[in-house]
Amino acid sequence: MNIAIYPGSFDPITNGHLDMIIRSSKLFDKVIVLIANNPNKVCRFSLTSRVRMIKEATKDISNVEVDSFDGLTVNYAKEHNAKAIIRGLRVVSDFEYEWSYAAANEFINKDIEMVFLMAHKELTFISSSTIDELYRSGVDISSLVPSIVIEEYKKLEK
Ligand code: COA
């Protein structure tokens with residue numbers, strides 16, 4: 001079975017992430033969307049809420065699972081017999097970050113391949129913090145995120 005991990009903070013999941021998940025699910029037998037820890041980030045949404053959003057957004061894709069992990073992504077990949085870590089590339093500046101992320105992962109474990117998918121051009125401007133800024137400024141984000149994300153934003157306001 002060819003298993004791939006798609007890691008990220010997903011704070012929140014966007015249609016850009018979802019596009020990566022859908023495309024990966026056609027390339028691999030199983031894709032595990034992994035909420036991993038980026039020590040440089042303080043998340044707006046709780047882990048429970050992020051898991052809920054991704055599960056709801058991917059509920060119709062039978063070979064996608066959702067999990068979270070507080071260690072190194074390559075170690076999680078090895079423990080789950082995954083062969084690859086999927087990453088999306090949107091703009092040139094992503095490449096610089098991905099280069100060192102891939103190099104660090106290779107240093108830890110050479111057996112896990114990094115697989116990069118190019119984001120569709122209409123989705124390249126989306127990031128979780130852009131979504132947050134747009135929502136907080138009153139812009140309609142319904143075409144940029146799964147509908148569950150808007151529900152979770154409304155819960156945050158209560
Ligand atoms: N569509 C839309 N947005 C995308 C995207 C896509 N295809 N790809 C990336 N993004 C956005 C993310 O939403 C995020 O936005 P934000 O900064 O506004 O929140 C931004 O681009 C950066 O994404 P990413 O590079 O995936 O960072 P991340 O913080 O979400 O995830 C981890 C990084 C968690 C995967 C990484 O830190 C990790 O693996 N941590 C575990 C520890 C580890 O193994 N470290 C590596 C070795 S030292």
Side-chain angles (χ1 to χ4, degrees), residues 3-28 31-54 57-58 61 64-80 82-137 139 141-150 152-153 156:
I3 302 172
I5 309 292
Y6 180 52
S9 308
F10 304 107
D11 186 43
I13 184 171
T14 69
N15 285 353
H17 297 130
L18 194 55
D19 177 52
M20 291 291 148
I21 297 167
I22 292 167
R23 288 161 61 196
S24 308
S25 73
K26 293 174 186 163
L27 296 173
F28 291 88
V31 175
I32 304 176
V33 182
L34 185 71
I35 303 178
N37 183 33
N38 180 343
N40 300 314
K41 282 187 182 170
V42 178
C43 288
R44 312 154 186 90
F45 290 95
S46 68
L47 181 59
T48 317
S49 166
R50 285 178 283 151
V51 169
R52 187 162 50 235
M53 286 188 274
I54 304 171
T58 60
I61 317 171
V64 170
E65 290 178 10
V66 185
D67 200 0
S68 62
F69 186 63
D70 195 19
L72 295 173
T73 298
V74 280
N75 289 349
Y76 179 95
K78 188 174 176 221
E79 282 165 25
H80 290 76
K83 290 189 175 145
I85 293 175
I86 310 274
R87 299 288 289 169
L89 291 174
R90 293 161 299 170
V91 287
V92 174
S93 55
D94 278 352
F95 185 81
E96 204 172 301
Y97 177 82
E98 294 305 330
W99 182 268
S100 52
Y101 184 63
N105 285 344
E106 187 186 23
F107 176 75
I108 305 162
N109 187 335
K110 286 189 174 46
D111 296 332
I112 312 287
E113 285 294 341
M114 300 295 301
V115 174
F116 296 96
L117 300 180
M118 298 299 295
H120 285 305
K121 61 181 185 309
E122 65 275 21
L123 299 172
T124 50
F125 74 98
I126 306 178
S127 72
S128 296
S129 36
T130 306
I131 291 296
D132 195 63
E133 194 176 343
L134 293 177
Y135 181 81
R136 288 177 195 286
S137 308
V139 177
I141 57 164
S142 55
S143 61
L144 306 176
V145 293
S147 56
I148 178 80
V149 172
I150 296 173
E152 293 290 317
Y153 262 117
L156 278 186

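None of these values were measured; they are calculated from a predicted model. Note that ligands are numbered from 1 as they come in the structure, with each ligand's atoms numbered from 1 the same way.
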| request: Could you tell me whether ligand 1 has any atom less than 4.0 Å away from a heavy atom of Tyr101? | output: yes
| Is there a heavy atom of Ile126 sitting under 4.0 angstrom from any atom of ligand 1? | yes
| Among all protein non-hydrogen atoms, which one is nearest to atom 33 (C) of ligand 1, and what is the separation to 0.1 Å? | Tyr97 OH, 4.0 Å
| task | Return the residue, atom name and 0.1 Å-rounded distance of the protein heavy atom closest to atom 18 (O) of ligand 1. | result | Ser129 OG, 2.3 Å
| query | Does the Arg50 side chain pair with the main chain of Phe45, one donor and one acceptor, at a distance under 3.5 Å? | reply | yes
| message | Among all the protein's non-hydrogen atoms, which is closest to atom 15 (O) of ligand 1, and how far away is it? | response | Ser128 N, 3.5 Å
| task | Pick one of side chain, backbone, both or neither for how Leu72 approaches ligand 1, counting any non-hydrogen atom pair under 4.0 Å. | result | both
| request: Select one of side chain, backbone, both or neither to describe which atoms of Ala119 lie under 4.0 Å from any atom of ligand 1, heavy atoms only. | output: neither
| What part of Asn37, side chain, backbone, both or neither, has a heavy atom within less than 4.0 angstrom of ligand 1? | backbone
| task | Tell me which protein heavy atom sits closest to atom 44 (O) of ligand 1, plus the residue, atom name and distance to 0.1 Å. | result | Thr73 N, 2.9 Å
| request: Name the orientation class of the two ring planes belonging to Tyr153 and Tyr135 (parallel below 30°, tilted from 30 to 60°, perpendicular beyond 60°). | output: parallel
| Shortest non-hydrogen contact between Thr124 and Arg90, atoms and distance | CG2-O, 3.5 Å
| field | ligand 1 contacted by Asp11 (non-hydrogen, < 4.0 Å) | value | no
| query | In the protein, which heavy atom is nearest to atom 12 (C) of ligand 1, and how far is it? | reply | His17 NE2, 3.6 Å
| said: Which label fits Trp99 and Phe95: parallel for a plane angle under 30°, tilted from 30 to 60°, or perpendicular past 60°? | reply: tilted
| Nearest neighbour in protein (non-hydrogen) for atom 27 (O) of ligand 1 | Lys41 NZ, 3.7 Å
| So is there a nitrogen or oxygen of Asn105 less than 3.5 Å from a nitrogen or oxygen in ligand 1? | no
| query | Where's the contact between Arg90 and ligand 1, heavy-atom distance under 4.0 Å: side chain, backbone, both or neither? | reply | side chain
| said: Any atom of ligand 1 sitting under 4.0 Å from a heavy atom of Gly71? | reply: yes
| Residue Arg87 vicinity, atoms of ligand 1 by number, heavy atom under 4.0 Å | 24 (P), 25 (O), 26 (O), 35 (C)
| request: Quick one: look up the protein heavy atom nearest atom 28 (P) of ligand 1 and list residue, atom name and how far away it is. | output: Ser9 OG, 3.2 Å
| Can you check whether His80 reaches Ile3 side chain to side chain, under 4.5 Å on heavy atoms? | no
